Amino acid sequence: MKSFSEIDTTVKRASKSIGFEWGVAEELGKNIRLLEMFGLPGLKNLNSYFKTYNQKKFQKINLISKKNNSIIPYCPVVAGTNFLDQVINLEIMDEINFENMAYPLLFLPFASRSTEIIGKRIFLNIDEKEFLLNFNQSIYSNYLGGDIIDYAKKINIKFVENKNTFDEKEWQELYKLSEGTFVEESEQLKNTSAGAGLTDND
Amino acid sequence: MEVQLRDPKEVMKLSRLGSFHQSKLSFLRSFLQEFKNWEYKRDLLDLDENGFGVVIYSFRKKNRIYSLICFANEINDKERSDRVIATKWDAAFTLFDGVPTKKDIERLKQNVPKQEVGRMSFKELTLSRANKSVRIFDYVIECLTKGNQPDKDKLAKVGYLYRTTAVYGSGKFGLADRFRIKNREEIYGPFRLEMMLVYLVRQFTFDQVNHIAKSKSPKKAVNLDPDISRNLGIGNSTGLGMAPFIVNHPLLLNNWIMARETALKQIREIKEVNKKDVDLIINCLKNSKKNIDNWTTESKYQILKINNLKKDLDLLIQYFLKKFNYKKEFSYNDLYSWAKNNLGDECLEFMVSVIMEPYEKITNPLIKTMSADEENFFTIPTEKTILDLRKILELRYSDILKIDFRQKENNQNFWFISKNKEEPRLANRFEDEGSDLEQPLAIARDICKLHERISNKKNSLKIGTFLMHNNDLRHVIRRAFITEKFPYAEIQDNTIGSKLMPIDMLRLKLSFFGAIKFDPRSDKWLRICMFQGAPLPTELTTSDDDWVYNSIN
């Protein structure tokens, strides 16, 4: 088994070799390490992308907007890097779409790292595949295949507002149960147990 | 009184970093302190009469066990080389997480001696190899076989029986990634497992010579005297592989230097100095003169440094004996002011190390701050502006911005990775091929480029927007924002200039390891010694930390 450290270093070097700048190559090293750590086939997808990188044309998007369409497929690395760099401004759009992106799995870690910056989860669809990106701590998905995804017709990104997965009623029910660990305070305990002085205002 | 931390632009110059010495903060010393109460054991000694075979040592505490597995091999004298291009070594080692099974040992026997071309697994933590000292290994065996102890003076000139030529960790060649072990309390200090490996290898060298001598002459042979053993360490040959590490790990570098600088600051802030503590310092200084006299090298560069150190050390001792007034408040601060004006870099930094000796209360908490989670500061804060970046560059890199990279001599070298060994190398940009594959280690040059690039940009421009068309400088933009928070993260010098002495970069790192007797063999590689004078594993529990200055002959 290759260690994550080896994956990071080799991806960084390969990315520079294929033509990316050192700074972007560093991002890719960390990203593929992240995907592999989460059990997603990052290295396989990157390797496949790099085989076509210099043969085909890919759209290099700079400024990301709410709707991004291109006749030739977007480069997931350039799109991802700019998404990461611009995410603070993008967040207010609530939802962002890319149509036509090559190797969309390579975009995923950029979005995952973005959730850490904005402090919000992202719900991301790559066509019918769903990914919930949790503050760069985990990725929850209905996609368990370890295969190469060389193209996405549509990527939909939704910024998820910070809210609980339960309602107030469920919270109150559980809270009530937790009260079973509390001790009812007598007048004596009120005066002596909290550690306050003789008056409330000294 | 509050003393300011020393200015990074003073401390982080390569000539100064190349004058650092081991101290109480050094990793081999903090390793010994941490593991002194662990149970040490030699679990297996399976060597033939020539000393070839397998030996296993372990450190154990509660349920945690670390095992060093040593493979001693037969090689021809012609095959022995300290260079990284070597493919065979006298012995190869791996530190195993737990107790290895027979199956593990069999697997490792096939892989560990191959080093870089073998494969390790997540169960192995560190990997190394070492060569016998041709100068003294056979001589020691000859003496022991005849029932004699070897001549101490002869041993002192070398200082070790074996020399390691590389120590790998952190995921290299399939070894365990750092994230798997980083939360273990006992290894919360940089390179602690690498230190454990080297320390146990030292014991292996003694056990091997004793075993060979006993095999040759079962009745007559004697074991190497423990006092002599204690005064032998493990040598190390280090080339350029280490140099880029300190550039590639800015946060870690900051934390090492910050610990040292904080210790110095806190010592200078001591209001009432205790005579007992001063006596300890004076004692260490006096004893260290012997060590320095035994510090031999053929390097003119190092000989000059050692001579200056010897001369200045006399001045320093005289200052302590005649001028240092411990009854006066903040007398260490007076000492530092005097030393700064009267001592060269080599002795000034030696003094900084020695005055830490009585102050475990200061150094021990700092040891815990010397690791780093670099991932936490990897992402560039793109919401910041060009004004923010400009301020950082002009504040933190002001000396670097003065370097004119249009001058050939400032742009002479380039760093690259060799294809055959995947190791860093340095070459002349104007004479050698390969500069198109330069590694991103010319930080000073790229910082200057960045400063020039933003010169006509609006202050309010966001970094995220700037990056859209300037990703070629992304790697140094990342560094600048790290350096904003961590002032000692950056070497304040040119790492590609004609005057660069790469061994300064090596010495910086090795001093934090705790190495002594730096012996440059060229401007690009040097030999050192580790654990010389350190307690033997069986003595660890009762040992103290003052062995460093007391030890050598």
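In what follows, every chain begins at residue 1, and chains take the letters A, B, ... in the order their sequences are listed. What you are looking at is a predicted structure, and each value in this text was computed from that prediction instead of being measured.
Between chain A and the options B:Leu473, B:Asp472, B:Ile380, B:Leu467, heavy-atom pairs under 4.5 Å are most frequent for B:Asp472. Between chain B and the options A:Leu63, A:Ile117, A:Thr9, heavy-atom pairs under 4.5 Å are most frequent for A:Leu63. Among B:Met120, B:His475, B:Arg119, the residue with the largest count of heavy-atom pairs under 4.5 Å with chain A is B:Arg119. Counting heavy-atom pairs closer than 4.5 Å to chain B, the top residue among A:Glu27, A:Lys60, A:Arg113 is A:Glu27. When A:Leu84, A:Asp85, A:Ile88 are compared by the number of non-hydrogen pairs under 4.5 Å with chain B, A:Asp85 comes out ahead. When the candidates B:Met468, B:His469, B:Glu383 are compared by the number of heavy-atom contacts under 4.5 Å with chain A, B:Met468 comes out ahead. Interface summary for chain B: among A:Gln86, A:Glu116, A:Lys16, A:Glu21, the most heavy-atom pairs under 4.5 angstrom belong to A:Glu21.
Between A:Tyr74 and A:Phe83, the gap from one ring centroid to the other reaches at least 6.0 Å. Less than 6.0 angstrom separates the ring centroid of A:Tyr53 from the ring centroid of A:Phe20.
Neither the backbone nor the side chain of B:Phe122 comes within contact range of chain A; no heavy atom of the residue lies under 4.5 Å from a heavy atom of that chain. Interface residue B:Ile417: only side-chain heavy atoms are found under 4.5 Å from chain A. For B:Glu375, the part lying near chain A is the side chain, with the backbone staying farther off; criterion is any non-hydrogen pair under 4.5 Å. Contact of A:Asn82 with chain B is made through the side chain alone, with heavy-atom distances under 4.5 Å. For a residue to count as touching a neighbouring chain, one of its non-hydrogen atoms must lie under 4.5 Å from one of that chain's; by this rule B:Ser170 touches chain A with the backbone only. With a 4.5 Å cut-off on non-hydrogen atoms, B:Arg178 does not touch chain A at all.
Each of B:Lys485, B:Arg396, B:Arg478, B:Arg479 was scored for a salt bridge (Lys or Arg N to Asp or Glu O under 4.0 Å) with B:Glu490, with one residue passing: B:Arg479. Tested against A:Leu46 for a side chain to side chain contact (heavy atoms under 4.5 Å, CB included), the candidates A:Leu35, A:Asn31, A:Leu106, A:Leu105 yield a single pass: A:Leu106.
Contact check on A:Lys30 versus A:Glu26 returns no salt bridge, with no Lys/Arg side-chain nitrogen under 4.0 Å from an Asp/Glu carboxylate oxygen. At a threshold of 4.0 Å, the pair B:Lys391-B:Glu484 does not count as salt-bridged, since none of the basic side-chain nitrogens sits closer than that to a carboxylate oxygen.
Taking the six-membered ring for Trp and thresholds of 30 and 60 degrees, A:Phe182 and A:Tyr175 have ring planes more than 60 degrees apart, a perpendicular arrangement. Classification of the B:Phe513-B:Phe191 ring pair by plane angle, with boundaries at 30° and 60°, yields tilted.
In this structure, B:Lys457 forms no cation-pi arrangement with B:Phe466, as its terminal cationic atom is not both closer than 6.0 Å to the ring centre and no more than 45° off the ring axis.
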